[in-house]
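Down below is the structure, laid out as structure tokens.
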Number of protein chains: 2
Amino acid sequence: MRYCKIPDEAVRRLPIYLRGLLFLSEQSKKSISSQSLADFLGINSWLIRKDFSYFGDFGTPGVGYNIEKLIKHIKKILKLHVGHKVALVGTGNLGRAVLAYPGFRIYGFDVAAAFDSDPKKNGRKINNVVVENISKLGRLKKGKIDLGIIAVPGDAAQEIADALVKAGIKGILNFSPYRIIVPKKIKVITIDIAMDLARLPYYMRSN
Amino acid sequence: MRYCKIPDEAVRRLPIYLRGLLFLSEQSKKSISSQSLADFLGINSWLIRKDFSYFGDFGTPGVGYNIEKLIKHIKKILKLHVGHKVALVGTGNLGRAVLAYPGFRIYGFDVAAAFDSDPKKNGRKINNVVVENISKLGRLKKGKIDLGIIAVPGDAAQEIADALVKAGIKGILNFSPYRIIVPKKIKVITIDIAMDLARLPYYMRSN
DNA sequence: CGGTTTTTGAGAATGTGAGCACTAATTTTA
DNA sequence: TAAAATTAGTGCTCACATTCTCAAAAACCG
């Protein structure tokens, strides 16, 4: 099974593993068995072993997995071994939430620029990031920023996406509920809060 | 294929269809073919037909699907035919973003209560919702609130979840990156922004 | 040093969803 | 009224993901 393509579903789980492993690493743990990690994360142990086996032998039978080694490898697969700079577009409630969110750091993300169309917000400093006018998006190229987050209200999303692509961004996290069309090279992940909430009642038991 | 269990993946797509159909309905369209809807949403037409066929015959060959009828049915399946009241816990940046988010309305959600542990915020009014102290969570039962959104920083999530369950909530949307353990009856959907961002670089082309 | 325990890794079996092609039904057009 | 065009519905196949099982490997213990 070694050296074959990693299934998409497994890639989706890698950040979960990474978060858990980073936590354990902070606790100065050196190694962990798939069973212990499974209990810790609430995932089946054989799923963890299978996922890890997609990218090589890392475990030692009788001992478990070397945490540091595994962290390094997962980071490399997810291309998180180098830090990534992120540009935020839209500094409304959601945008400010993104700027203040501490969770990006453990994955090596740095929200390094923020843009807003409202001239009144230009120059304002939020969480040590100066808000620039949206027309300055072209400047990104100099800053080695390769990811963009769209947090603008609805219908401006496509326009912003076009600008981000033009500025050389390689991936976009889109919080707007609108479909965004970009060149095939660019990966877009859309998070629509309302849509996720909308699936919740379906699973609710009435009793 | 009629009357069988709807696959989870199809359920996940229903809110997408619903959004599109509601939009078309506002444009006073009466019916639409699977092909047109597919083009509009950026999804394959046979996937749409297959998904719709899981819950009965709604289309007319040669014409397409009756939009209003379909909306009604999808809403019923997702249990959105009745409005749902939602309680928000945590009124930090993310919480305020949730309160201000206009996208919930089309699915019939109403964020009717907000709670925060910080006494300084009690009584404050955000988007016409009065922030109450977190100790008042028990009151929810009277308000027919059946969904909860957790938007508190990290480690308090489990505690809040317990309180929500105790207050009779049936489903939880969790924005914290921590695992939450609840009775099996309760459905939890977790959105971890950082984790979604973390899988973005994997798909990036370096050229 | 040999047996026991722990734990990985991989193969097999099962289940699920996506993609495709074809059929049948309805409307439109000639 | 008949033929053509449009479009839904469904059966089939393939790929993928999950689950289970088991043998091999390493460590531990007596």
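Reminder, nothing fancy here: chain letters follow the sequence lines and each chain counts from 1.
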Around B/F40, counting heavy atoms of other residues, nucleotides and ligands shown, do more than 12 lie under 6.0 Å from its CZ?
yes
In residues 61-76 of chain A, what residues come within less than 4.0 Å of DNA chain C, judged by heavy atoms?
A/P61, A/G62, A/V63, A/G64, A/Y65
How close do A/L99 and A/A114 get, heavy atom to heavy atom, and via which atoms?
CD1-CB, 4.3 Å
How would you label the contact of B/F58 with the nucleic acid (heavy atoms, under 4.0 Å): base, sugar-phosphate, or nothing?
sugar-phosphate
Got a sec, which residues hit ring pair (Phe, Tyr, Trp, His ring centres under 6.0 Å) with B/Y65, two or more places apart in sequence or on another chain?
B/F52
Are the side chain of B/N66 and the backbone N or O of B/K69 linked by a donor-acceptor pair below 3.5 Å?
yes
Under 3.5 Å: donor-acceptor pair, side chain of A/N174, backbone of A/S176
yes
Restricting to non-hydrogen atoms, name the atom on A/P15 and the atom on A/Y107 that form the minimum distance, rounded to 0.1 Å.
O-OH, 3.0 Å
Starting at CZ of B/R49 and ending at P of C/dA24, how long is that distance when rounded to a whole Å?
16 Å
Show which side-chain atoms of residues 80-93 of chain A pair as donor or acceptor with protein atoms under 3.5 Å away, not counting sequence neighbours.
| residue | atom | partner | partner atom | Å |
| --- | --- | --- | --- | --- |
| A/H84 | ND1 | A/D146 | OD1 | 3.3 |
| A/H84 | ND1 | A/D146 | OD2 | 3.0 |
| A/H84 | NE2 | A/K79 | O | 2.7 |
| A/T91 | OG1 | A/D116 | OD2 | 2.5 |

Which heavy atom in B/I180 sits nearest to a heavy atom in B/A161, and how many Å separate them?
CG2-CB, 3.6 Å
Would you mind classifying the nucleic acid contact of A/S34 as base, sugar-phosphate or nothing, using non-hydrogen atoms under 4.0 angstrom?
sugar-phosphate
Centres of the B/F104 and B/Y101 rings: under 6.0 Å?
yes
Let me check something: any side-chain donor-acceptor pairs from residues 192-203 of chain B under 3.5 Å, sequence neighbours excluded? List them with distances.
| residue | atom | partner | partner atom | Å |
| --- | --- | --- | --- | --- |
| B/D192 | OD1 | A/R19 | NH2 | 3.4 |
| B/D192 | OD1 | B/A194 | N | 3.1 |
| B/D192 | OD1 | B/M195 | N | 3.4 |
| B/D192 | OD2 | A/R19 | NH2 | 2.3 |
| B/D196 | OD1 | B/R199 | NH2 | 3.4 |
| B/Y203 | OH | A/D8 | OD1 | 3.2 |
| B/Y203 | OH | A/D8 | OD2 | 3.3 |

Using five pairs at either end of the helix from C/dC1-D/dG30 to C/dA30-D/dT1, determine the angle between the two local helix axes and round it to 10 degrees.
0°
What integer distance in Å separates A/I48:CD1 from D/dT19:P?
12 Å
Show the distances under 3.5 angstrom between N or O atoms of the protein and N or O atoms of nucleotides 16-18 of chain D.
| residue | atom | partner | partner atom | Å |
| --- | --- | --- | --- | --- |
| D/dA17 | OP1 | A/D8 | N | 3.3 |
| D/dT18 | OP1 | A/R13 | NH1 | 2.8 |
| D/dT18 | OP2 | A/R13 | NH1 | 3.4 |
| D/dT18 | OP2 | A/R13 | NH2 | 2.9 |

Spacing between B/L37 atom CG and D/dT6 atom C1', to the nearest angstrom
16 Å
Distance, rounded to the nearest Å, where B/I43 contributes CD1 and C/dA18 contributes C1':
13 Å
For a quick check under 3.5 Å, do B/Y178 and B/D155 share a side-chain donor-acceptor pair by atom type?
no
